[in-house]
Every structure is written in C-alpha cells, then in structure tokens.
Amino acid sequence: TSTPRTTHLAPVREYGAAPEYDTPAFAALSAWVDEIRALTQADRVHWIDGSAAENDALLHELVDEGKLIKLNPEWRPGSYLARSHPSDVARTEGRTFIASEKEIDAGPTNNWADPAEMHAKMNEIFEGSMRGRTMYVVPFSMGPVGGPISQIGVQVTDSAYAVASIGIMTRVGAAVVREIAKGAQWVRTVHSVGAPLAAGEADTTWPCNDEKWIVHFPDTLEVYSFGSGYGGNAILAKKCFALRIASVLARDEGWMAEHMLLIRVVSPQGKAYHVAAAFPSACGKTNLAMLRPTIPGWKVETLGDDITWIRPGADGRMRAINPEAGFFGVAPGTGESTNVTAVETLWGNTIFTNVALRPDGDVWWEGLTDEAPANLIDWEGNAWTPESGSPAAHPNSRFTVSAAQCPQIAEDWEDPEGVPLDVILFGGRRATNVPLVVEATDWSHGVFLGATISSERTAAAEGTLGELRRDPFAMLPFCGYNMGDYFAHWLKMGRAVRFDKAPRIFQVNWFRRGSDGRFLWPGFGDNARVIDWIIRRIEGEVGAVDSPIGRLPKIEDLNLEGADVTDEDLAELFRVDAASWSREADSTEEFFATFGDRLPAALTTELASLRYRLASA
Ligand code: GTP
Ligand code: MN
Ligand code: MN
C-alpha cells in the first residue's frame, strides 16, 4: 500500500508566476489576464498564491514605499496604517454604473450606461493605466472554496494595498485557480488606481485619479473600477461582486444576495437560532453582529457583519452563509462601551485606513476612548490636539481584519453548507413612527416592510414625519438590477421554501427618540431583550397585539429586568400614530410609483391593506 504524496507533485513555482493547468477553462483565464495586461501595459504580472510568505513580502514592500505605516508591534502586532488621498475616502455612488443590456433592467435606483459604449469607454481609460506598475492577479472565493453557496472571481489590480485587503476580506489563492481550471463559473473584475508611472517617476503614497468609474456588466459578469484605491471601490469582491453582481446571479439562479449581518443566538435553554438583519449603512449591523447580551443566559455568536447569501436548501429551509472572510468596519464610534467585541477583534493583524496615529505608534479614533490623547497625528498626517477642531480620524475611517479574530465568532462559521435561517430583521434609523419591534403577519407583509425601509437623517419633532431617505432592504446602493424586479424576487423566494419553514420577518428600530430628542431605547447589548421576545414569539410562548402596522409585543412579555427604560418611554416606543402613518403611506405610494409596472401587485395590495387598517383603527 502506498500513501499518495502530493507535496512533490505540484510544480515548483517562481514567486508570482502563473500557475500551470492544462485545461480550456484555465486557458480562458490566462488569455483574459494577457488581454488586460496588453490593454493596461503593466510592467509585470504577479499571480497571487495566497501564502503567508507572499503576504509578508507585499506588506514589507508597501512599508518600504511609504504606502503603509507599520504600527508599534508592542501594542498592535502585525498591523498597519494607510492614509488615503483626501479626495479618495468613500464609495462614489455617483460614479457607479450598471451597464445592463436594457436600461429598464437597471431600474430607477441605479445609474445606467449602455454596455457597448461603456466597454469602449473602459478600453479608452484603462489603456496604459498600469504603465510602470505591477499587475496582480488575485483569484478569490466568496464563501469557502467549492462550497454549494460559494462563488468565485478574479481581480486584477495595480494596488498592492488592495491585494492585502482582499487577502483579509476573502479566501484568496491557488485553490481558487484549481476551481476555475475545473470549469467553475467566475466573475472577471478589473481595478486600476489610474496613475501610470513614467520611467523614473516617483510614486505617491496613495496613487489615485480624479476621474473615477465603477462599472458593472451584469450580463457578462464583469466589473471595471478605475481611479480609486478606497475599500468599496477597490475591493471588488465586496460591494461590486458580493452584492451588485451576485444579486443578478441570485435573481437568475434562485437565491439571494443581501446587505445583512448574520448571527447565531443561543437561548438560556441552549437552543440555537439564526438571525439575519438588513440595516442601511451606519445603522448598526456590525454592532448587532457582535452583540453581548445584557440579559443572563443568552449568547450571541458572530457569523457575518455585512453581507449574507441565502439559498433554499434540500430540507425546505433557507440556508445562509457570510461570503466574506473579514470585517471592513467603520472605526469611529467603535469603543469599549459600544462594541467591545470589535475592540477585542482588532488586537493585531489589522490594516487601518485613515485613523489617527498615536505618538507611541498605536492608533486612535473618535469613540475608541472617552478622552482623546493629548497629541496625535491626524488621518491627513498633520499634528493634532483635542483643540484642533477637526476629527483626528476620518469619519469613514475603517479597519480591515480577519473574521477569525473575533472572540465570539461561531466555531463553524466556515461551514460551506451555511446555517438554517429562522428570523429576518429589517431596520433603519427612525426617530418617529417605527416601534422598537413589529412582527410581520406573513411573508408578503414582511417583504412590504423590507421594501419600505427608510432612515431619517436627523431627529424629527414628535408627531411630525422627518425627511425620509428610502433604502429598500438596505440595498439602495447595492442592488444590481431593477429594484421592482428585486421586490418580486423576494416575494418568489418566500414560495421557494416550505410554507411553514420560511424565516419569520420582523422590523426593529433602535433609534426612536423622545420629544426631548433623546434615544428612548438603551440599545446595544440591550437589543438582546428584543431578540429574546422574537424568539419566544416564534416558539409560540407569547402572544402579540394586532396593530395597523403589524403585531406588537404585550409590554408584560418583554424581559425588561434591569433595563434603563421608563414606562412612559416604553409606551412611546410602541405608540402607533394613525395620522403620521397615513402620511408615511402617502410617501410609500409616491416611492412605489417610481417603479412603474415593475412594482409587484402584492406590494400595492399590502399598501392598500395598511391604509384600510389605519382607517379603521
Ligand atoms: P456599514 O458597515 O457601513 O454597512 O454599516 P453598519 O450597519 O455596520 O453600521 P455600524 O454598526 O458601523 O453603525 C454604527 C452606528 O450605529 C454608530 O453610530 C453606533 O453608535 C450606532 N448604533 C449601533 N447600534 C445602536 C443601538 O442599539 N442604539 C443606538 N442608539 N445606536 C446604535
Ligand atoms: Mn459594518
Ligand atoms: Mn455595508
């Protein structure tokens, strides 16, 4: 008998050299890489194999070039700080395009562009864009490599900072190329910072271009991103692929790609439940994903903090995975008192972007500690003191860290089969109207709650409706096709699972305010009290009160032991004001009208039913 020896079978590869596979599928990948290199005229091509040695070499190079600052290993081992160009600090939604064959398929919520014209445009701007630079070829998997819910892609990029970030946020390397060589479907993504170097020209610490393009071709599974080195514009696996392109694949293949966190909640009885939640950006996904319950006996395990892919499983239930491998979280506001789990996750091996630097070589941002250090270097590299009058960290400064470092990550978070979904939450930042928690009466009412998510920018006076920014399913910037069709897809997915096994849908709102402008609900760890009610509700242990907008808890069923909330605040948290809900229904009608005949009839019916219930309340 012989033990198969694999170690010596793989050819010895030169650093950065192309892998060798003799299949037509690999030849297609190889030809595409050659084509992009010929277009961009990159000096060198480096195929990323995902090894630790390669990652170390890249980080070393970035430090040598001044593009990363190595933090003091005594405080923050294996960690780095990047400072972006002041003009390149966020996703650029106005420069983001969906180039579908037909304009109607991009829908009213996206910028549409003609794909033929856009391909011509991309050929023009990418021509010579990587001159003087290395073009990295980064094969990546969203979800465990080869898993039934996973998807793969390749990003070519001239940014080593992007390569290092993709290495944390996804699963990168040789195993992915093997999947492609075997013939798996893959998404082509092309990224250039748009700053070619002439011979002998010195590089800057954050190369980028004033002209930016983030272009998606959903019909051919391609993404082109030009001019920006910033996260969402440069890590194409994340928003561009895992949401915009994936939402189109999901529509065509019968699954769902959502802007949702994913957690496992374990009850005092030891029973596990899986909860996914869609909240718009800066509305608390990362916080809820890392929840530490304030009520005894409950435990939360983190599975994902931003993106969830959901597929009907053979058992008639929806199965969910977090396709990412890391967290790309907002730093400001992340502190011991708000999200201690995140603070503990960031102990080392983290790339920080646009936070402040301490004199001792560690990092700081607003909200990390109550008091700011006396002296800092701000995110733009200038000396800073608390008297400076500007934030030390950019408000959109971020940390990039492996999910495996989260102290409460679920042990099986990489299970390729995913977890069975029990509950879906929709939420937003609402000073008025939306109660702390409402239960949908059925799937289509739940879809109505998702389709009508909105967030208020500022606190509105009591009883009056603030300015609403619609963000259906928290997917406004991320749905890669017509939002009306996306609503229809959601309705259809409810019928793709066993009728008694569809996740139960609830709407939550941690942000309702009193007439004095203060938050009525303590939030954060106390949000476990809401989840406790939701779970006892799905177990049939507690009843509910019907209201025009859905089912509300009976106050006595809430676990409020030790909660810092008064009876008056509770009454206000659950007050349903028919007049202001009628105005909200008017606004929903206007919003729905923007989808024309792509709006599913079921949502028109839901709106009519809401109006009927309000009128008879
Ligand atoms: P993206 O990562 O951009 O998609 O956003 P996100 O949904 O992960 O947002 P994040 O968790 O970073 O949002 C945090 C903001 O919400 C901070 O301002 C928090 O202080 C606030 N926040 C989160 N949970 C609560 C809560 O329960 N109550 C209150 N009042 N604020 C909260
Ligand atoms: Mn987040
Ligand atoms: Mn997000």
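Count residues from 1 along the sequence. Atoms within a ligand are numbered from 1 in the order they appear, just like the ligands themselves. Here the structure is a predicted model, which means the values were calculated and not measured.
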For the pair Trp510 and Phe524, evaluate ring-ring contact (aromatic ring centres under 6.0 Å, His included) and give the outcome as yes or no after the intermediate values. CA-CA 8 Å; Trp510 316 142; Phe524 301 102; 9.6 Å; no
Distance-only polar pair, side chains of [X] and [Y], donor-acceptor under 3.5 Å:
X	Y	result
Arg470	Ser587	yes
His489	Arg251	no
Arg529	Asn527	no
Ser225	Asn233	no

I'd like to verify the contacts: list protein N, O or S atoms under a distance of 2.8 Å from the Mn ion (ligand 3).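 Listed by chain and number, the nearby protein N, O or S atoms are Lys239 NZ, His259 NE2, Asp306 OD1.
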Can you list every protein residue that has a heavy atom under 4.0 Å from any atom of ligand 1, sorted by chain and residue number? His259, Pro280, Ser281, Ala282, Cys283, Gly284, Lys285, Thr286, Asn287, Asp306, Arg398, Arg429, Trp510, Phe511, Phe519, Gly523, Phe524, Asn527
What's the verdict on ring-ring contact (aromatic ring centres under 6.0 Å, His included) for Phe140 and Phe241, showing C-alpha distance, side-chain angles and the deciding distance? CA-CA 11 Å; Phe140 62 85; Phe241 177 2; 5.7 Å; yes
How long is the gap from NZ on Lys285 to CD1 on Ile307, to the nearest 0.5 Å? 9.5 Å
Measuring from atom CG of Leu71 to atom OG1 of Thr350, what distance do you get when rounded to the nearest 0.5 angstrom?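 Rounded to the nearest 0.5 Å, the CG-OG1 separation comes to 9.0 Å.
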One pair to check against ring-ring contact (aromatic ring centres under 6.0 Å, His included): Tyr486 and Phe473. What are the steps and the verdict? CA-CA 10 Å; Tyr486 170 88; Phe473 294 86; 5.2 Å; yes
